[in-house]
Amino acid sequence: MATVPIEEAKQQLDALFARVEAGERIVVESAGIGKIMLVPMSEAERRGAGRFRGQFTVPDSFFDPMTEEELKEWGF
């Protein structure tokens, strides 16, 4: 794992980004103390929120109040 001073990280962010994309972990330090770690994201993390956007739509009726029968089925 590489360690890089904050000043160097600021100047070489593009290069550090490429190294992290390749799988490397990099610690950014300030005054000789590690402050943050740059790590590659997993595939699941990259997909994150919105990954199903555009694949389906929610009908307006979804927001209609439940009937008495539906409420009973859900235990209310």
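Everything numeric here is computed off the predicted structure, so don't read it as measured data.
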**Message:** Connecting only ILVMFWY residues whose side-chain heavy atoms lie within less than 4.5 Å of each other, what is the rest of Ile33's hydrophobic cluster?
**Reply:** none
**Item:** Trace of the side-chain contact (heavy atoms from CB on, under 4.5 Å) decision for Lys35 with Val28
**Value:** CA-CA 6 Å; Lys35 298 291 184 174; Val28 179; 5.9 Å; no
**Item:** Residues in side chain to side chain donor-acceptor pair (under 3.5 Å) contact with Gln11, at least two apart in sequence or another chain
**Value:** none
**Fill in**
Residues passing the salt bridge (charged side-chain N to carboxylate O under 4.0 Å, His left out) test with Glu8, sequence neighbours excluded, are none
**Request:** Determine which pairs satisfy side-chain hydrogen bond (donor to acceptor under 3.5 Å, both in side chains) with at least one residue from residues 54-64, sequence neighbours left out, and list them in order.
**Result:** none
N/O donor to acceptor pairs below 3.5 angstrom from side-chain atoms of residues 17-26, sequence neighbours left out:
| residue | atom | partner | partner atom | Å |
| --- | --- | --- | --- | --- |
| Arg19 | NE | Glu24 | OE1 | 3.0 |
| Arg19 | NH2 | Glu24 | OE2 | 2.7 |

**Request:** Look up atom CE in Met37 and atom CD in Glu29, then write down how far apart they are to the nearest 0.5 Å.
**Result:** 12.0 Å
**Request:** Output every pair passing salt bridge (charged side-chain N to carboxylate O under 4.0 Å, His left out) with a member in residues 66-76, not counting sequence neighbours, ordered by first then second residue.
**Result:** none
**Message:** Do Val27 and Val39 land in one hydrophobic cluster if side-chain heavy atoms of ILVMFWY residues count as linked below 4.5 Å?
**Reply:** yes
**Message:** Using the rule that Ile, Leu, Val, Met, Phe, Trp and Tyr join whenever any side-chain heavy atoms are under 4.5 Å apart, tell me whether Val4 and Leu13 fall into a single cluster.
**Reply:** no
